[in-house]
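Single-structure report; data block below.
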Amino acid sequence: MDETQMHLDLLQLENYSAGIDPYLRGPYASMYVSKPWTIRQYAGFSNAKDSNAFYRKNLEQGQTGLSVAFDLATHRGYDSDHPRVIGDVGKAGVAIDTVEDMKLLFDQIPLDKISVSMTMNGAVIPILAFFIVAAEEQGISPQQLSGTIQNDILKEFMVRNTYIYPPQASMRIVADIFSYCSQYMPKFNSISVSGYHMHEAGAPAELELAYTLSDGIEYIKCGIDAGLNIDDFAPRISFFWGIGMDFFTEIAKLRAGRILWSRLVSNYKPKNPKSLALRTHCQTSGWSLTVQEPYNNITRTAIEAMAAVCGGTQSLHTNSLDEAIALPSIYSSKIARDTQIYLAQKTGICKTVDPFGGSHFLESLTAQLIEKAWNYIEEINEYGGMTKAIQAGIPKMRIEEAAIKKQAGIDSKQIQIIGVNSYISQSSYNNEILEVDNTKVKNQQIESLKKIKSNRNSDLVNQFLFELQESAKDSQKNILTVAVKAARARASLGEISLALESVFGRYEANNKIVSGVYSHHSMNQKELEKIRLLTDSFAKKHGRRPRILICKLGQDGHDRGARIIASGYADLGFDVDIAPLFISPAEAAMQASDNDVHILGISSLAAGHKTLVPETLAELKKLGRNEIKVIVGGVIPEQDFEFLKNSGVAAIFGPGTPVTQSAEMVLKILEDQ
């Protein structure tokens, strides 16, 4: 397909209908007139019992589908007793180690009636196997299950980083899940291709469109290469978009995505028109939420939710007002859920199909996005497809450049955010926030694991784990089929993941820093020069530049903030080292010592700071390197500041702190010591 084939004039767009290829106005002819979108709130924390109680309460109060958030230990294929996950268990999602956890997670929730979406990519094999077996032991067959497994590993190599195996092996797993679901789970979506995490990492609409759809095409090729007919799996591919504050652009993005997907898939000659229809889940932006004046986040979420439904989403998650501070509380979750109920029942949106269809402005914006996205799709094709482009680092670089450019605009107030750099007041949020006792949950999970392992048939488990290794070596065998047998025998998530890792290996990312973007796009060159003079002065006085190691501890792969700081500090005259992802406190302390840095900067997003930061300080003390100052930035509740400072943290930088402001404070800390 050449670029001219994607040119669409406004008259052409205005004549398209919903439910008919290319689905501009919606994948279904009647859209919300016959059935509103599914209210599918993404949630999970602590252990399976606590999350189950939360789910059941939400379902009683109007939620219509479940979306499961797993903790980072689970995402990365580790059981809760693994030494690498001491600060991650139960913090940013629910801990799942065995089938018994999965059974408890869905206790008294009828899986033949409630659709379940699971955000899982790295450890997708054991999680999907556990889900199948948990349903089976509820008396529900795979054929009856509805919902979605994310299974979108390619975007993990670009932005979210909760991968386990290298790209090629990961794509083999994707194909095996396609094959299994097409044969045994006809109502279940075998993949949800996610642009959300690209959006959150800083991708503008055209990049999110291009890279998400290019991922989708790579999965189409993967299924065909595995011997599947396109119509056997393409109708069960769904998508997942992030929805930000640019109201009309977000509406246009969803509409443009449907056009582009239809045109891209048509090249593979499907016979079923459903193979051409893009169906999607959306989530309002977490990045747009602010810790300053959190009640403004209710307004932000309502605007974003309105954009998603005006764009034609099939299901929606609305973020809670306190998610820039901590996990959402029951109080804030109800407001978020009720926002959707108001939209569905009180606005009249469900009385029409594609309410902005025919608007000259909206149709023009849709056409512009189609052409912009198509240029980036062509760039990916020039590399030979998304897998090869990812290996070349192109998508990650483009997204990172966009994120740094935006941060420079925010720091210099060219881009204004209410409560952060404009209309600032001193109001604060004093409501109770949800905090998980990580140590308590971890100990509960470890005790449960011990009990299960002592009561199972270990010989049978080992037999299936060996069979799993053999299936990983043989592309003619289906890995998920064997994993289901291992799950029935009560093999743990960590054991199943390790069996596959012994064949596939564990992937490690390239840590190259993008430089020059922050300084080039900053509108406050005087402030930049001021900091550069300070770093030059430091270098003259101490014989070398101020040196900082920036790291993320534990299993959190969301590295947008860390990489923006690394790039910005480098532009300001610091010597910057960036640690590998998934580093332990001991490894971070050792690298800081070996690199002889002045400052160790820890970026925290996943609520593990109260466990991991004090341990890092203790490790520095063991090495006799107390002179290395530790600073922390990210999503940290103000109530935890005193704890961290008493632990020895030199400074804490919350969301919205300008890069230049934090750098100036770091230099002051160094000069005062």
Side-chain angles (χ1 to χ4, degrees), residues 31-46 50-69 93-94 109 113-117 119 147 196 240-245 247 250-251 254 280-291 293-352 355 418-419 427 429-435:
M31 288 303 291
Y32 308 142
V33 174
S34 58
K35 182 183 177 183
W37 64 89
T38 299
I39 301 173
R40 191 187 298 282
Q41 293 296 91
Y42 179 56
F45 61 93
S46 186
D50 291 345
S51 290
N52 172 262
F54 190 79
Y55 294 160
R56 284 162 56 190
K57 186 167 186 177
N58 283 359
L59 290 169
E60 288 168 5
Q61 295 184 353
Q63 187 169 313
T64 52
L66 294 178
S67 182
V68 181
V94 60
I109 295 173
K113 296 181 174 63
I114 298 294
S115 69
V116 176
S117 171
T119 300
Y196 180 84
F240 175 25
W241 305 109
I243 304 295
M245 284 293 291
F247 183 72
E250 297 297 0
I251 297 170
L254 269 63
T280 193
H281 170 73
C282 289
Q283 180 174 341
T284 61
S285 175
W287 182 86
S288 72
L289 303 177
T290 71
V291 69
E293 302 179 44
Y295 285 110
N296 286 341
N297 294 334
I298 298 173
T299 304
R300 293 184 176 102
T301 293
I303 291 168
E304 292 166 354
M306 177 91 69
V309 298
C310 287
T313 190
Q314 277 58 73
S315 65
L316 178 62
H317 167 93
T318 33
N319 285 329
S320 300
L321 69 98
D322 49 2
E323 287 189 63
I325 305 168
L327 291 168
S329 65
I330 291 173
Y331 166 77
S332 65
S333 296
K334 184 179 188 305
I335 294 172
R337 184 178 58 253
D338 288 354
T339 298
Q340 294 199 51
I341 294 171
Y342 271 97
L343 285 176
Q345 298 182 9
K346 301 297 180 182
T347 62
I349 285 174
C350 293
K351 294 180 180 179
T352 185
I418 293 171
S427 64
Y429 182 73
N430 297 316
N431 285 32
E432 183 179 348
I433 63 172
L434 178 62
E435 184 173 3

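Only a predicted model underlies this, so the values are computations on that prediction, with no experimental measurement involved.
- Ile298 pairs with exactly one of Ile303, Ile335, Thr318 by the side chain to side chain contact (heavy atoms under 4.5 Å, CB included) rule, that one being Ile335.
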Intermediate values then yes/no, side chain to side chain contact (heavy atoms under 4.5 Å, CB included), Tyr55 and Val68:
CA-CA 9 Å; Tyr55 294 160; Val68 181; 3.5 Å; yes
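- With hydrogens and angles ignored, the 3.5 Å screen pairs no side-chain donor or acceptor of Gln283 with any backbone N or O of His317.
- Nearest heavy atoms, Leu254 versus Cys282: CD2-SG, 3.7 Å.
- Atom OG1 in Thr119 sits 4.0 Å away from atom OH in Tyr42 (nearest 0.5 Å).
- When only modelled atom types and interatomic distance are considered, Ser115 and Arg40 share a side-chain donor-acceptor pair under 3.5 Å.
- One finds the OG1 atom of Thr299 at 11.0 Å from the CD atom of Glu293 (value rounded to the nearest 0.5 Å).
- The distance from the CG atom of Asn297 to the OG atom of Ser332 is 10.0 Å, given to the nearest 0.5 Å.
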Phe240 vs Thr313, side chain to side chain contact (heavy atoms under 4.5 Å, CB included): CA-CA, chis, key distance, verdict:
CA-CA 9 Å; Phe240 175 25; Thr313 190; over 6 Å; no
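- Between atom CZ of residue Arg337 and atom OG of residue Ser320 there is a gap of 9.0 Å, rounded to the nearest 0.5 Å.
- Contact record, Met31 with Gly312: CE-O, 3.7 Å, taken as the closest heavy-atom pair.
- Side-chain contact annotation: Gln41 with Ser333, donor-acceptor N/O pair under 3.5 Å absent.
- Contact between Thr284 and Ala305 at its shortest, heavy atoms only, is CG2-N, 3.7 Å.
- Of all heavy-atom pairs between Cys310 and Ile349, the closest is SG-CD1, 4.4 Å.
- The side chain to side chain contact (heavy atoms under 4.5 Å, CB included) with Trp37 is formed by just one residue from the set Thr280, Thr64, Leu343; it is Leu343.
- In this structure a side-chain-to-backbone donor-acceptor pair under 3.5 Å is missing from Asn319 to Leu289.
- Between Tyr196 and Trp241, the closest heavy-atom pair is CD1-O, 3.9 Å.
- Here the side chain of Ser117 pairs no donor or acceptor atom with the backbone of Ser67 at under 3.5 angstrom.
- Looking at Glu304 and Ser285, their side chains never bring a donor and an acceptor atom within 3.5 Å of each other.
- Within a 6.0 Å sphere centred on CD1 of Ile341, heavy atoms belonging to other residues, nucleotides or ligands number more than 12.
- Across Ser288 and Arg300, no two heavy atoms sit closer than the pair O-CD, 3.3 Å.
- Note: Thr301 OG1 to Ile243 CD1 = 12.0 Å, rounded to the nearest 0.5 Å.
- Gln314 and Thr38 form no side-chain donor-acceptor contact under 3.5 Å, judged by distance and modelled atom types alone.
- The NZ atom of Lys35 sits 12.0 Å away from atom SG of Cys350, with the distance rounded to the nearest 0.5 Å.
- Within 6.0 Å of the CD1 atom in Ile418, the count of heavy atoms belonging to other residues, nucleotides or ligands does not exceed 12.
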Test side chain to side chain contact (heavy atoms under 4.5 Å, CB included) on Asn58 and Ile39 and set out the steps.
CA-CA 10 Å; Asn58 283 359; Ile39 301 173; over 6 Å; no
